[in-house]
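Keep in mind the model is a prediction, meaning the values are calculated, not measured. Order of the sequence lines fixes the chain letters, A, B, ..., with proteins taken first and strands second; residue numbering starts at 1 for each chain.
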Amino acid sequence: MDNTLSNTALTEPHGPRPKRLISTRNIVLYGFLIVAALYWLLPLYVMIITSLKGLPEIRMGNVFSPPVEITFAPWAKAWDSACTGLYCEGLKVGFWNSVKILIPSTIISITIASVNGYALSFWRFKGSEIFFTILLFGAFIPYQVMLYPLVIILRELHLFSSLGGVVLIHTIFGMPILTLLFRNYFASVPEELFKAARVDGAGFWRIFLQIMLPMSLPIFVVAIILQVTGIWNDFLFGIIYAGTHNFPMTVQLNNIVNSTQGVKEYNVNMAATLLTGLLPLIVYFISGKLFVRGIAAGAVKG
Amino acid sequence: MSNNLTNQQAPASEATGRQRRHPLLRNLSAKIAAIPMVLVTLVGFVGCSVWSIVYSFTSSKSLPRETFVGLKQYDRLFDSSRWQASVENVAIYGVCSLVFSLGVGFLLAVAMDQKIRFENTFRTIFLYPFALSFIVTGLVWQWLLNGDFGIAQVIRDIGFTNFEFNILSDREYSIYAIVIAGLWQGTGFVMALMLAGLRGIDQDIWKAARVDGIPAWRTYLFIVIPMMKPVFITTLVIIASGIVKVFDLVVALTDGGPGVSSELPAKYVYDWMFGRGNLGQALAASTVMLSTVLIILIPWAYLEYSQKKDATHG
Amino acid sequence: MTSVAISDLSLSFGPVEVLKSLNLEVEEGEFVVLLGPSGCGKSTLLNCIAGLLDVTAGQIFIDGKNVTWEEPKDRGIGMVFQSYALYPQMSVEKNLSFGLRVAGLPKNEIIERVSRAAEILQIEPLLKRKPGALSGGQRQRVAIGRALVRDVNVFLFDEPLSNLDAKLRTDLRVELKRLHQRLGNTMIYVTHDQIEALTLADRIAIMKDGLIQQFDSPSNIYNNPHNRFVAGFIGSPGMNFLQGALVSEAGQWFFNAEGLRVPLSDYRFVHPPQEGQAVEFGLRPEHIVVGDASTTQPVTMQVDTELVEPMGADTVLWTNVAGHALTIRTDSESNVKTGDNINIGFNTARVSIFSENGERV
Amino acid sequence: MTSVAISDLSLSFGPVEVLKSLNLEVEEGEFVVLLGPSGCGKSTLLNCIAGLLDVTAGQIFIDGKNVTWEEPKDRGIGMVFQSYALYPQMSVEKNLSFGLRVAGLPKNEIIERVSRAAEILQIEPLLKRKPGALSGGQRQRVAIGRALVRDVNVFLFDEPLSNLDAKLRTDLRVELKRLHQRLGNTMIYVTHDQIEALTLADRIAIMKDGLIQQFDSPSNIYNNPHNRFVAGFIGSPGMNFLQGALVSEAGQWFFNAEGLRVPLSDYRFVHPPQEGQAVEFGLRPEHIVVGDASTTQPVTMQVDTELVEPMGADTVLWTNVAGHALTIRTDSESNVKTGDNINIGFNTARVSIFSENGERV
Amino acid sequence: ANATELEVTHWWTSGGEAAAVKVFADAFNAGGDTWKDGAIAGSGGTARPVIISRIIGGDPMGATQLNHGRQAEELVEEGLMLDLTELAEKEGWKDLVRPSSLLDACTLDGKVYCVPVNIHSFQWMWTSLDAYKKAGVDAPADWNEFVASAPKLREAGITPLAVGAQTWQTNGMFGVIRMGLGGIDLFRKTDVERDPEAIRGETMASIFKAFGEARSLDDENNSIQNWNDATSQVINGTHGAQIMGDWAQGEFQVAGQTAGVEYDCLPGLGIAPALDTGGDAFYFPVQDDPEKTAAQLRMASMMISKPVQVDFNLKKGSLPVRGDVDLAAANECMKKGLEILKDPANIVPGGDQLFSQDTLGQLEDLLAEFWTNPDMTPEDAHDAWATLYEEAD
Ligand SMILES: Nc1ncnc2c1ncn2[C@@H]1O[C@H](COP(=O)(O)OP(=O)(O)OP(=O)(O)O)[C@@H](O)[C@H]1O
Ligand SMILES: Nc1ncnc2c1ncn2[C@@H]1O[C@H](COP(=O)(O)OP(=O)(O)OP(=O)(O)O)[C@@H](O)[C@H]1O
Ligand SMILES: [Mg+2]
Ligand SMILES: [Mg+2]
């Protein structure tokens with residue numbers, strides 16, 4: 001091939017287009033991102049530094065100034081010995097209760113919702129769409145409306161004030177959005193796969209368990225994240241339906257934060273707050289990437 | 001075509017195949033598997049809604065009683081200035097959080113989609129508040145927005161000694177404090193949804209627009225946003241269902257105050273249902289909320305549904 | 001013996017009638033291709049045979065047994081899908097054995113069948129891989145293997161090649177054909193690609209709008225189309241159609257069109273022609289002879305070349321005669337250029353004439 | 001005049017070098033096709049020309065102007081994408097005019113250009129529709145129209161037909177060719193379908209691994225491939241390759257393989273052959289003559305038929321000679337059956353011989 | 001007796017309250033049973049739904065705090081509360097409990113269902129003597145002096161009035177001002193007799209006017225929610241005074257302050273020495289287990305017993321429900337209160353007994369709005385208030 005061209009003009013543009021690192025575009029772009037990030041980080045920053053300050057320092061100092069003397073006492077107190085009423089056992093009791101509620105609730109609510117989504121995508125029957133529509137409307141019903149009748153329903157089922165009860169409640173309230181997620185996801189799975197499995201003789205459950213489940217990881221990640229944060233942060237259902245011996249961590253948090261023993265112990269409050277939020281936060285930090293990917297994998301279609 | 005088969009129905013008599021199943025028994029496992037959903041929709045959602053509508057016509061106090069009083073609860077509801085304030089507030093809160101969380105969420109997603117550095121970090125930063133409970137959000141923002149020692153104090157410390165910023169105790173603006181905290185919590189999730197949507201756009205569209213010389217902002221505005229309609233709809237459903245139900249945040253942040261200036265309908269329902277023992281009034285309020293939602297949703301769902309039908313036929 | 005018989009099959013999706021009282025009889029060991037334009041109901045028919053759709057009316061027999069209401073797995077069929085529908089998270093081996101495990105076959109039986117299928121399809125080295133790590137052709141073989149292990153008499157294929165590129169398609173076509181010769185089962189194969197249909201089929205069923213238009217051997221379909229739709233659908237580039245009328249003169253029939261008059265001495269009418277009958281005159285591009293050789297043909301004429309399309313082995317000429325477009329396929333040696341006026345010739349024994357309602361005259 | 005010139009173009013994605021110091025010069029009004037296997041860098045090259053990717057090294061000239069650093073819109077190019085990338089929520093008219101409106105052209109100018117493009121492409125009746133309501137072919141025309149209204153000299157196409165079914169593909173190919181004849185702009189067209197390349201191109205650039213293997217007219221590419229890759233890539237069914245060696249005997253060169261000995265009297269060597277040199281002997285299926293006519297060919301032999309593949313106009317025979325597989329393409333009139341032992345013949349003037357490193361000997 | 005564990009729900013979580021609960025718990029535990037504390041912080045609004053749901057849902061707690069009065073009426077009617085009549089008769093509560101209205105509030109159809117544990121009245125104003133010292137003004141002896149001294153306090157950088165933003169506080173404050181400025185007679189006319197003339201009368205109008213003027217006395221940017229946070233402001237001397245029930249007393253005590261030294265208390269705003277007798281009561285939801293029922297009765301008996309009443313009320317800052325206890329240990333303010341209580345004419349029933357929670361809620365909303373909305377005129381507020389009174393049930 002001829003080489004005349006390359007000789008003509010080395011003075012002319014050649015090679016990669018020169019890029020300025022500090023272009024207007026980059027300034028605007030990163031400026032915007034950084035300002036936004038500051039807004040989002042500010043509360044976390046305040047929570048953390050406050051939780052590490054002693055009370056006198058809080059009273060005198062500026063909310064935003066870093067602690068002069070770092071103390072972990074508030075964390076220890078929040079976890080171990082913060083009081084509500086007569087008990088000074090901190091959050092630690094509630095933590096395990098929360099875990100006790102979280103695990104079965106997450107598993108059962110996601111299990112049922114995923115079966116719903118699967119049935120609604122591959123095994124439609126007469127009226128299945130109507131149920132789905134009602135289910136979606138259900139997402140808009142304020143919890144409070146259902147609080148009362150659900151107390152009565154649970155009483156009749158002998159599930160009130162039990163782990164089973166609160167699991168059922170989380171299953172009910174998680175169902176609309178989760179079913180929507182799973183249905184949209186399964187809608188993007190090729191129907192041929194389903195047909196192939198049927199020709200292979202697999203039935204409803206086997207197709208679900210052996211074919212669909214293993215390929216639904218992304219959407220399960222999304223569902224798990226949503227449920228873990230939702231259930232972990234729940235206060236109302238836990239306190240009403242779970243029974244005293246199962247009070248979740250948020251109940252203790254509420255008690256610690258809302259009861260003042262003389263001076264408001266902001267540092268303990270903040271530490272308690274952070275401790276309560278730790279588990280969902282960790283879940284997010286670990287799986288944030290999977291979360292976005294999972295949403296992209298079908299949750300937002302249609 | 002060969003028609004000899006029709007004469008040859010013989011195989012039918014000799015072969016005894018399985019008979020046609022009864023319609024109810026077809027798809028049996030699917031129907032069994034759907035029982036929880038059917039129960040939840042019928043007993044849970046429909047049942048509870050009907051229950052609450054029925055008892056909204058009674059004078060039930062702490063406990064449901066069949067003492068029907070016609071529209072009395074509704075008369076009182078619509079006369080109540082707190083209810084009016086609540087409706088007004090939910091409108092403000094709804095519009096603001098819709099506009100800003102969609103707007104800011106989309107902008108953030110766009111920024112994140114520019115092949116930036118530290119994308120993971122930024123995404124986590126925007127997303128983490130979604131992991132926190134409203135109690136936490138309320139507490140933190142109550143603090144930050146405190147006129148005495150919150151952000152306002154910092155600005156005063158910087159030198160603007162006369163700076164006053166105390167929307168928490170300003171009845172005109174207290175609802176915006178809730179908006180600010182709500183946005184802080186929820187926008188990250190919207191961003192994640194939008195980002196997923198953006199990533200789903202055909203790369204060729206971008207190239208086509210560049211060849212056409214269409215500036216990026218116009219591409220977003222006129223091409224990409226319309227293409228992301230399904231994402232916007234999913235997001236809208238999620239945000240809107242959150243708006244209707246917002247409760248914990250108000251309780252934690254302002255408790256409806258000062259006065260009744262930041263009350264919201266869900267709290268109205270809650271207060272009367274439990275704190276103030278007037279179930280009928282609470283249920284009347286919730287019925288109004290429910291029917292508003294239905295009035296908005298049904299035409300929309302109908303439109304969506306009929307449009308989809310058209311699309312498959314066209 | 002009849003392997004698959006379909007009698008008066010109808011299927012509707014709500015108000016839309018997709019299959020309309022369709023009949024079809026497939027002999028044992030036959031390779032039948034269902035060919036038709038997109039949306040004509042090919043996949044629907046196949047799904048009915050497989051039992052994946054519930055029929056609205058009619059009956060389906062497989063190996064003499066009425067299976068209209070059987071479960072797919074009990075019909076003695078295997079099916080291969082367009083996208084192969086391999087279970088993505090299972091190894092090839094698991095993919096093959098899934099159906100057998102569902103059926104609860106003994107372990108050694110499963111192992112034996114899988115290894116036999118793997119041997120036939122030459123996929124032994126791939127057994128431990130996941131579908132994601134296979135090429136298109138390998139995936140197809142696995143998909144076929146999944147049908148193979150089921151030890152059934154009837155194989156159903158739904159456009160198994162349409163996702164592949166041209167080169168792979170050619171290779172796999174041959175492989176499929178070989179496989180059929182080796183196994184000898186009945187195969188029903190859906191496609192909308194006529195090359196596939198012509199190369200693979202013992203008989204082709206041409207479908208349109210839920211009805212079978214012609215069910216015949218490839219050469220009959222190609223040379224002797226029953227109606228205009230079949231004629232136009234088969235062949236690439238497509239058959240040339242000229243509008244005109246039949247006229248007779250001294251016991252000799254002619255095809256008359258604007259500026260054209262073709263004597264039909266060699267054409268075998270299947271229905272008695274009528275004087276002045278409006279007809280379409282169909283002529284395949286590859287049945288037209290160009291250049292010097294054309295003079296030996298019964299009918300000759302001169303045409304203007306508008307476009308020359310070299311296609312490797314052949315060249316397609318897009319020409320014009322008295323305002324009628326005429327496509328001609330010739331070998332690549334001819335040196336025709338755009339704009340040339342050339343001589344052509346053809347034999348009316350090889351043309352097809354259709355009445356206004358589309359039936360062959 | 002040179003319309004598009006690419007000089008020493010390199011492009012890397014991180015550590016992966018996709019284009020490797022590539023040179024290409026396209027004449028004005030030429031229709032150039034970039035052909036190559038998937039992943040060879042065709043789209044990447046096209047995107048570089050369009051300015052959609054920043055090059056790593058090298059220069060790009062369009063109409064004599066160095067556009068290496070220009071924005072896509074300023075390069076005087078129009079581009080048509082595989083998925084067409086129509087703006088789905090805009091009407092066809094808006095799709096066509098959006099770029100012009102953004103550029104701030106006067107209204108009447110816009111109207112004029114759009115209507116001219118619509119007329120050329122015959123999409124006037126569709127102007128008010130949305131892309132969703134168009135067929136595949138119509139969409140393609142709109143996509144071309146979008147390039148057309150920009151009044152540019154160079155059109156770039158990235159596999160614009162690969163999403164369509166076979167029949168439509170044939171039709172649109174012809175339309176594209178006609179459009180090119182009518183407009184006379186330079187067109188650079190990417191595909192991995194050789195039929196498209198052969199029918200459309202004035203010149204074909206065969207690419208592999210980011211390098212151009214041969215840039216030549218279709219008939220040269222077809223008849224005179226520079227290397228084994230090009231030879232094997234073009235033609236369907238593919239060229240037959242036989243492994244063997246060159247031997248000379250009495251000044252006459254022979255190709256020797258197990259059980260075969262082919263005199264190369266008519267072959268034109270491009271490099272002096274060496275005694276005993278290991279080579280591959282390439283013979284196109286369609287250059288083999290079957291039956292009685294074969295006796296007139298310089299080289300004849302007998303082969304066993306393993307499979308007969310009728311393909312409408314042609315038939316492909318899969319045969320075997322002394323253990324070497326040989327594919328033969330013949331017309332459909334031959335009545336060869338599977339298992340037949342038949343006579344074949346060919347002319348060594350039409351074979352290609354490649355050395356071990358793949359270069360033509 | 002068998003040791004039985006009883007869960008007790010309440011919303012007493014502030015410093016003084018928790019100390020008082022401990023008295024109960026210790027006493028109960030000392031009897032060999034176990035007090036399982038079920039505190040739910042964040043005022044009755046959070047706790048009540050939980051309590052009611054659990055009783056209705058069939059998981060009743062052993063005992064629960066509820067404001068006596070009409071709140072529990074329906075639960076009692078449903079037969080969900082333990083009948084304490086036998087115990088009450090045995091121990092002669094009728095004679096012990098003073099004022100008798102407290103027991104009446106626990107009685108439905110002649111049966112007793114709850115144990116009143118203390119008398120609370122809202123009619124107090126707490127002033128910070130420190131703050132006045134700082135401002136160089138004499139501490140006020142009544143509301144009028146307080147209003148007069150307000151500008152001086154402001155000059156010294158001290159906010160005159162500390163108010164928590166919760167609506168019930170505003171409402172209570174209004175009640176106190178109403179009683180102080182209008183007197184007991186007016187209160188009886190409006191709240192007990194519901195005399196429309198009194199309700200819409202001149203005096204009420206002037207009270208609304210005064211309340212309207214009081215709006216300027218608190219923080220412009222008040223960001224405090226809880227009453228005890230407001231009390232802290234008074235304790236710290238940054239605010240001049242707070243109108244709050246006698247439970248605030250407990251906070252001063254926990255902070256180690258002494259009445260008359262660091263702070264002062266003015267019952268009835270120092271004008272009309274009257275006290276309303278609200279208060280807390282414990283109910284005992286019906287249990288299946290007879291063991292528990294027995295323990296419930298033990299607890300009820302313990303709560304009203306003499307030493308517990310003394311200890312409890314000292315800690316809580318409230319007055320005992322028994323007339324026959326010796327409160328020598330009581331502080332200055334409590335003694336003032338006891339003094340007033342001696343004359344039955346000074347005693348008025350609490351709001352919980354007079355109005356349904358429903359009406360109280362509406363009143364709260366109205367007054368909270370009036371308090372925070374400077375655009376709302378006293379006339380408007382009076383009119384709306386009167387309407388609510390006329391429709392109240
Ligand atoms: N589930 C369904 N509901 C309604 N209509 C359907 C459904 N499935 C198919 N159809 C319609 O039935 C007709 C036949 O569809 P079918 O899939 O059998 O066509 P096909 O011949 O296989 O076409 P293709 O070559 O595109 O695969 C089409 O018009 C299609 O729109
Ligand atoms: N953004 C990218 N980052 C990294 N590698 C890329 C990127 N885009 C393309 N490649 C790689 O560059 C090579 C050439 O890609 P290109 O899209 O040009 O191939 P192509 O010839 O157009 O293939 P096809 O026929 O499949 O479209 C491929 O190996 C591909 O994996
Ligand atoms: Mg199909
Ligand atoms: Mg490409």
Side-chain angles (χ1 to χ4, degrees), chain A residues 110-111 114-115 117-130 132-133 182 184-224 290 293-294 296-299 301, chain C residues 13-14 43-44 46-54 70-91 94-105 130-132 139 142-150 152 154-160 162-163:
Chain A
I110 292 181
T111 305
S114 60
V115 172
Y118 164 69
L120 285 170
S121 318
F122 291 111
W123 298 86
R124 289 193 201 157
F125 50 88
K126 221 173 179 169
S128 60
E129 286 298 286
I130 296 174
F132 178 64
T133 313
F182 278 104
N184 285 353
Y185 180 80
F186 285 125
S188 69
V189 171
E191 206 182 345
E192 290 190 340
L193 211 55
F194 166 71
K195 288 182 174 174
R198 282 203 62 197
V199 172
D200 268 346
F204 184 90
W205 292 109
R206 196 185 281 267
I207 296 177
F208 179 65
L209 293 174
Q210 297 193 343
I211 310 289
M212 296 301 164
L213 272 196
M215 56 188 296
S216 320
L217 180 75
I219 200 67
F220 271 94
V221 170
V222 174
I224 288 171
L290 287 176
R293 210 178 294 155
K301 287 183 189 137
Chain C
F13 289 115
S43 302
T44 307
L46 209 66
N47 281 325
C48 287
I49 298 176
L52 294 168
L53 282 173
D54 278 346
E70 292 294 345
E71 278 294 308
K73 68 170 160 49
D74 302 325
R75 294 185 176 211
I77 50 119
M79 194 160 174
V80 177
F81 297 89
Q82 177 170 352
S83 59
Y84 306 142
L86 300 183
Y87 311 130
Q89 71 289 345
M90 297 185 192
S91 68
K94 284 267 166 63
N95 260 285
L96 293 179
S97 60
F98 181 69
L100 306 179
R101 279 180 289 136
V102 170
L105 256 65
K130 296 245 168 116
R139 278 181 216 187
V142 177
I144 295 174
R146 209 163 48 179
L148 216 54
V149 292
R150 306 195 64 236
V152 291
V154 181
F155 276 21
L156 308 175
F157 293 86
D158 194 354
E159 313 206 15
S162 65
N163 272 354

Just verifying a value: how many Å separate [X] [atom1] and [Y] [atom2], rounded to the nearest 0.5 Å?
X	Y	atom1	atom2	value
A:Lys195	C:Leu156	NZ	CG	11.5 Å
C:Arg146	A:Asp200	CZ	CG	5.5 Å
C:Tyr87	A:Gln210	OH	CD	9.5 Å

Fill in: Derivation and outcome, side-chain contact (heavy atoms from CB on, under 4.5 Å), residues C:Arg150 and A:Val199
CA-CA 10 Å; C:Arg150 306 195 64 236; A:Val199 172; 3.7 Å; yes

Practice prompt. Examine whether an atom of C:Leu86 lies under 4.5 Å from a heavy atom of chain A, and if so say whether it belongs to the side chain, the backbone or both; otherwise answer neither.
Written response: backbone

Practice prompt. For side-chain contact (heavy atoms from CB on, under 4.5 Å), just list the numbers for C:Phe98 and A:Ile211, CA-CA rounded to whole Å, side-chain angles, deciding distance to a tenth of an Å, and then say yes or no.
Written response: CA-CA 10 Å; C:Phe98 181 69; A:Ile211 310 289; 3.8 Å; yes

Worksheet entry | Donor-acceptor contact present, side-chain A:Arg198 to main-chain C:Glu71, <3.5 Å | no

Worksheet entry | Exercise: identify the closest heavy-atom pair between C:Tyr84 and A:Glu192 | N-OE1, 4.2 Å

